[in-house]
Every structure is written in structure tokens, then in C-alpha cells.
Amino acid sequence: MNYWIFKSEPDEFGIDHLATAKKQTARWDGIRNYQARNNLRDNVKQHDRVLFYHSSCKQIGIAGTMEVVKAAYPDPAQFDAESKYYDAKSTADNPRWYCVDVRLLEKYPEVISTKSLKANPATADLSIFKQGRLSIAPVSAKQWKAVQDMLAD
DNA sequence: GCCAACGTTGGC
DNA sequence: GCCAACGTTGGC
């Protein structure tokens, strides 16, 4: 089983959206970055665990955890001309973009702030801090555990 | 709302 | 295939 961190702007889609969704399950779509897409399509598997990161908001940081309930499949939004994620260059035979389905595991009582994550040596090297644009990034088992341990503090 | 960083595009 | 210009992201 692998660990990941997914980034989202909570104004668009935050952990509360997931918490109130049917079966607390939702499609994680709109990924339009190639490196993130490659991770998603090739490496994110069913039952993998995911940290939910809130970006560009008041409380930036990790808001909770999710489980991948369905591995990558073509993102329907890319074929929808009405969608802002529409991509005219993508075809059904050769889809460019992928999405997964996720289910809420745990909403943290407090968002674990970016500041505290950077202050902790075990989490300071999370790939999202090194590579800002990556909205789907791997997390090591050690980093995952370190994040869970920060809850207890 | 600003600005730095970085990914993508497009002309050569 | 390089690289400048442009657009977007994301922290402050």
C-alpha cells in the first residue's frame, strides 16, 4: 500500500465537501498537470491512503485522510465542453487526464499547519514543499506516521 | 492582491 | 530542441 498527498483549494473542494458527500465518497478530478497525472494514472491504487491538503486558504495544511476506493479512470470532465476542465485535444480512445474516487477516512480536529509541518524534521521534506505545482505527490510511510503523530501533540 | 516560482506554449 | 513569453499556482 502506498501513501499520497492530494492538494485542493477548499473553496473549490475541501474536506467538508467530502464529509457531507454521499457515502463520504467523491471523484478527485480536474488534475491538469502531467507529473501529477502520471502519478495518478500509474501509481495510485485502490486502498492507498491519502493526506488531504488544503491550499490557498485561511488554514493551509493537512485537513485529514482519505482512502482511494477506485483507481484511475479517464476524467469525464475533459470530454464535457461545458466544464472548465474541458480539453478539446483529448479523445475517448486516448484520454489525457485521469481521476480517482476517494472516501473520507478521518477529518482531523485541527488542520495540521504548513508551518508546523515545515518545523518538524520528519515532514519538512514533504515533496509538496519542494515542488509547489505537484497536486498529487507520494508520501513515505515514515512521513505518513510523522503526520499522524503530530495529532497527538 | 501581490509576487515569486515553475510548468506550458509557441516561434525560431 | 531550445528558450523567451506567458499563464497559473500558492504562500504571504
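Convention: sequence-line order gives letters A, B, ...; per-chain numbering from 1. Keep in mind that this is a model prediction, so the values were computed, not measured.
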- Message: Could you tell me how far apart Leu134(A) (CG) and dC6(B) (C1') are, to the nearest whole angstrom?
- Response: 12 Å
- Message: Within this structure, what is the OH-CG distance for the pair Tyr53(A) and Leu51(A), rounded to the nearest 0.5 Å?
- Response: 11.5 Å
- Would you give the length of the straight line joining atom CZ of Arg41(A) to atom OH of Tyr34(A), rounded to the nearest 0.5 angstrom? 10.5 Å
- Task: Can you tell me the distance, in whole Å, between the CG atom of Leu126(A) and the P atom of dG11(C)?
- Result: 12 Å
- Query: Salt-bridged, Asp75(A) to Arg32(A), with N to O below 4.0 Å?
  - Reply: yes
- Which of the following nucleotides, dG7(B), dG11(C), dG10(C), is nearest to the side chain of Tyr53(A)? dG11(C)
- Between P of dC12(C) and NZ of Lys58(A), the distance in whole Å: 16 Å
- Query: Between NZ of Lys7(A) and CG of Leu134(A), what distance do you get to the nearest 0.5 Å?
  - Reply: 7.0 Å
- Query: Out of dT8(B), dG7(C), dG10(C), which nucleotide sits closest to the side chain of Ser55(A)?
  - Reply: dG10(C)
- Note on the structure: Sorted by position of nearest nucleotide on DNA chain B, 5' first, the leading residue of Asn33(A) and Lys89(A) is Asn33(A)
- Item | Proximal nucleotide (of dC6(B), dT8(B), dG11(C)) relative to the Ser56(A) side chain | dG11(C)
- Rounded distance in Å - CZ (Arg133(A)) to P (dC3(B)): 17 Å
- Task: Respond yes when some side-chain nitrogen or oxygen of Tyr34(A) is under 4.0 Å from OP1 or OP2 of dT9(B), and no when none is.
- Result: no
- Rounded to the nearest Å, what distance is computed from the CD1 atom of residue Ile128(A) to the C1' atom of nucleotide dA5(B)? 15 Å
- To the nearest Å, how far apart are Arg37(A) CZ and dG7(B) P? 15 Å
- Item | Gap between atoms NZ and P, on Lys7(A) and dG10(C) respectively (whole Å) | 4 Å
- Item | Length of the line joining His54(A):NE2 and dG11(C):P, which is rounded to integer Å | 12 Å
